[in-house]
Amino acid sequence: MNNIDQTAVSTIRLLSAEAVQKANSGHPGMPMGAAPMAYTLFKNFLKFNPYDTEWDNRDRFILSAGHGSMLLYSLFHLFGEDITMEDIKNFRQWGSKTPGHPEYGHTKGVEMTTGPLGQGISSAVGFAMAETILADKFNRDNFKMVDHYTYAIVGDGCLMEGISSEASSLAGHMKLGKLIVLYDDNAITIDGGTDIAFSEDVSMRYKSYGWQVLTVTDGNDMEAIEKAIASAKRVKDKPTLIKIKTVIGFGSPNKSGTSGAHGSPLGADEILLVREGYKFSHEPFTVPEEVCSMMEEVKEKKKKASDSWMRMKKKYAAQYPELNEEYEQWMRGKLLKDVDVEGLYKTDKEKMSTRNASGAILNKLAGEVKNLVGGSADLAASNITYMKELGDFSHSLHSGRNIRYGVREHAMAAITNGLTLHGGLKAYCSTFLIFSDYLRPSLRLSALMGIDPMYIFTHDSVAVGEDGPTHQPIEQLASIEMIPETLVFRPCDYKETAAAWIKAMEIRNRPMIFALSRQDLPVYKETGKGAERGGYILIKETKTEPDVILMGSGSEIEQLVKAREILLKEGTDARVVSIPCKKLFDEQEDSYRESVLPKSCKVRLAMEAGVGYMWDKYLGKKGEFIGIDRFGASAPGNVVLKEYGITTEHVVQKVREMVR
């Protein structure tokens, strides 16, 4: 490497340290140690257009060690990706483009939100899978429409997290050759050296997963790093881990190689010593002129790859017009374009579980929404999430639309995020509702990033029965509903399930969570499109005003409808309101919500087989809730429901007490 390259690396290191110092907050050590590998990757390998950060065929780069965010912002500044020096000076400040951890949708060029360790490398597996699926679908001889790599930089912390083990194991099994991970092996965590808690042989571990493992013994040797990345790209049937030995806080005479460089500013005096060691005589927050000149040349070279692809795409469109149209629809189009939406509501069944309803609708959609992909964590037959006759994605069948995740709930969700973030695919994943606890951090990231994966959770209540309290969700539904920017849909029958799927196909900026029953439920004539608004009147009162409003979701609607019939015979006229998606209902206009839940009716009762925190806003001061606030029990589902008071009789009894 020439002197300008070394100056550029020193610039990245100092910009990172200076920004952390000015903010008096952040992680300077990782950027200082990893700057050579990141710079080598960006300059010599990473395919991107600095003038169009969303170019379809760019390489994807994920900073899994998101605490080192200043490394990314410094790179973006040098390589022209819309980060100014003023942005760098405003690191971690209110409203800046440079938050403490990289945030997708907030800063151009950030491929995903990272910071929770292990998420980046795990979602990178999804990015690499997406590239493989799309390449198989759209590439033709002489037309490589989809042809790029997924790169990630990870730290020791990422590899300690269990999620990275799950995802890396699956990546090796799938032989994802276009996934290249650079491991910043600095042997330091916040609490001290990694030897206090982490002594495994990482290389042997990744070899056992089926990865190629390469080693660079000196993290400052950019030529060795370049050779390693080039070698990684030559292997097509294995993902690659490049283990690069670095020194955290490199160049800091008093803190390098220690936890003191990890998560706090170096100090103004220490940065002066760093500058002396680098022989960097420029003012703080300065990019030397020779580096700026070189970067202008690099940016133009980077842009040429995008220009060449655009020229190829025009020829592709002329030669394969139908395929090109499908490509555009997958990448940017409406998913329901070719779907008979009205037909999705039709069923000849009088009773069926909502998990079976979902499976039937999924398979109706799969034939028309051809970029729909997904799978289950070893529960496809129980979740009813298998797309029939569409094959399993594997290293030998890239066109398979079903993904076999094995018993890896957390990695499954992170990979689904990666599939979604890549673009071009509509992805879902599935498990039992109780096991949402295993993947919640990834689900939360889906919501935080404002992306639209689907989470299909079945066995949604104590009606699971004999499996007992370990498998019976109590607090899970409410806890997921509390996550901002999620839509949780708990349908009561087939047609409400259809409404949930239609809404999921339309939404582009937040995740959709399905909570589906194991037990069969009746299909009502009155259900259907009203569910798309989150809540609606299922059965109206016979008089001008109801005596009581009965409200609920999912399987408990059956008990409310039966209770209404009994109460009506006794002279109490009840309205039944189904609220399968509380958040969606809350977003409707005031007049609509008033028409469904009129303030004039003070006597209200809600029932849901779980904790009731999310119902208080609908009940008012005189309302009552029937739910469950203790763990479940092992017995047939109908017995558990009876013992816990989730019954028609309990509703009737409560209403009698309320209307006296």
Here's a test for you: under side chain to side chain contact (heavy atoms under 4.5 Å, CB included), which of S122, S442, P511 qualifies with N417? S442
Among I456, L336, V339, find the one that has a side chain to side chain contact (heavy atoms under 4.5 Å, CB included) with W501. I456
Any donor-acceptor pair under 3.5 Å from [X] side chain to [Y] backbone:
X	Y	answer
K583	E481	yes
R401	L372	yes
S169	S165	no
D452	R510	no
K47	D147	yes
H77	I83	yes
E131	F127	no
T107	T98	no
D237	K175	no
S164	C158	yes

Of all the heavy-atom pairs spanning [X] and [Y], show the shortest one and how long it is.
X	Y	result
S306	N49	OG-ND2, 3.3 Å
H67	H27	O-CB, 3.4 Å
K137	L323	O-CD1, 4.2 Å
M482	M614	CG-SD, 3.7 Å
A130	L419	N-CD2, 3.8 Å
D460	L433	O-CD2, 3.7 Å

Does a sphere of radius 6.0 Å around [atom1] in [X] hold more than 12 heavy atoms from other residues, nucleotides or ligands, not counting ones at 6.0 Å or beyond?
X	atom1	result
F45	CZ	yes
E325	CD	no
H106	NE2	yes

In sequence, state the C-alpha distance, the side-chain angles, and the governing distance for T114 and S64, and then conclude on side chain to side chain donor-acceptor pair (under 3.5 Å). CA-CA 6 Å; T114 55; S64 189; over 6 Å; no
Using the ring of each side chain (for Trp, its six-membered ring), is [X] parallel, tilted or perpendicular to [Y], with breaks at 30° and 60°?
X	Y	result
F48	F79	perpendicular
Y438	F435	parallel
H148	H422	parallel

Y206 and Y209 aromatic centres sub-6.0 Å: yes
Are Y320 and F138 close enough that their ring centres sit under 6.0 Å apart? no
Before you tell me yes or no, could you show the steps for K346 and D340 under salt bridge (charged side-chain N to carboxylate O under 4.0 Å, His left out), namely the whole-Å CA-CA distance, both residues' side-chain angles and the distance that decides it to 0.1 Å? CA-CA 11 Å; K346 295 176 182 177; D340 174 13; 5.6 Å; no
D59/K302 salt bridge by N-O under 4.0 Å criterion: no
Any side-chain donor near an acceptor of the partner, S517 and S353, under 3.5 Å: no
Heavy-atom distance under 4.5 Å between the side chains of [X] and [Y], does that happen here?
X	Y	result
Y455	T416	no
D392	L397	no
H398	F393	yes
Y104	I451	yes
W330	L134	yes
Y149	I229	no
M70	M30	no
R440	S479	yes

Distance (rounded to the nearest 0.5 Å) between [X] [atom1] and [Y] [atom2]:
X	Y	atom1	atom2	value
S358	R355	OG	CZ	11.0 Å
F489	E532	CZ	CD	7.5 Å
L379	T431	CG	OG1	5.0 Å
Y151	L63	OH	CG	16.0 Å
L170	L176	CG	CG	7.5 Å
N363	M387	CG	CE	8.0 Å

Verify side chain to side chain donor-acceptor pair (under 3.5 Å) between Y183 and D156, making sure each step is shown before the conclusion. CA-CA 8 Å; Y183 169 24; D156 295 297; 2.4 Å; yes
Give the C-alpha distance, both sets of side-chain angles, the deciding distance and a yes or no for salt bridge (charged side-chain N to carboxylate O under 4.0 Å, His left out) between K303 and D52. CA-CA 9 Å; K303 183 177 180 296; D52 180 7; over 6 Å; no
Does the salt bridge (charged side-chain N to carboxylate O under 4.0 Å, His left out) test come out yes or no for D82 and K97, once each step is laid out? CA-CA 9 Å; D82 198 37; K97 292 181 184 178; 3.2 Å; yes
Could you walk me through whether R205 and S168 pass the side chain to side chain donor-acceptor pair (under 3.5 Å) check? CA-CA 10 Å; R205 171 181 151 199; S168 298; 5.5 Å; no
Just do the salt bridge (charged side-chain N to carboxylate O under 4.0 Å, His left out) check on K529 and E342 with the steps written out, would you? CA-CA 10 Å; K529 292 183 180 180; E342 295 298 322; 2.6 Å; yes
Before you tell me yes or no, could you show the steps for S553 and R490 under side chain to side chain donor-acceptor pair (under 3.5 Å), namely the whole-Å CA-CA distance, both residues' side-chain angles and the distance that decides it to 0.1 Å? CA-CA 6 Å; S553 74; R490 187 171 185 249; 3.2 Å; yes
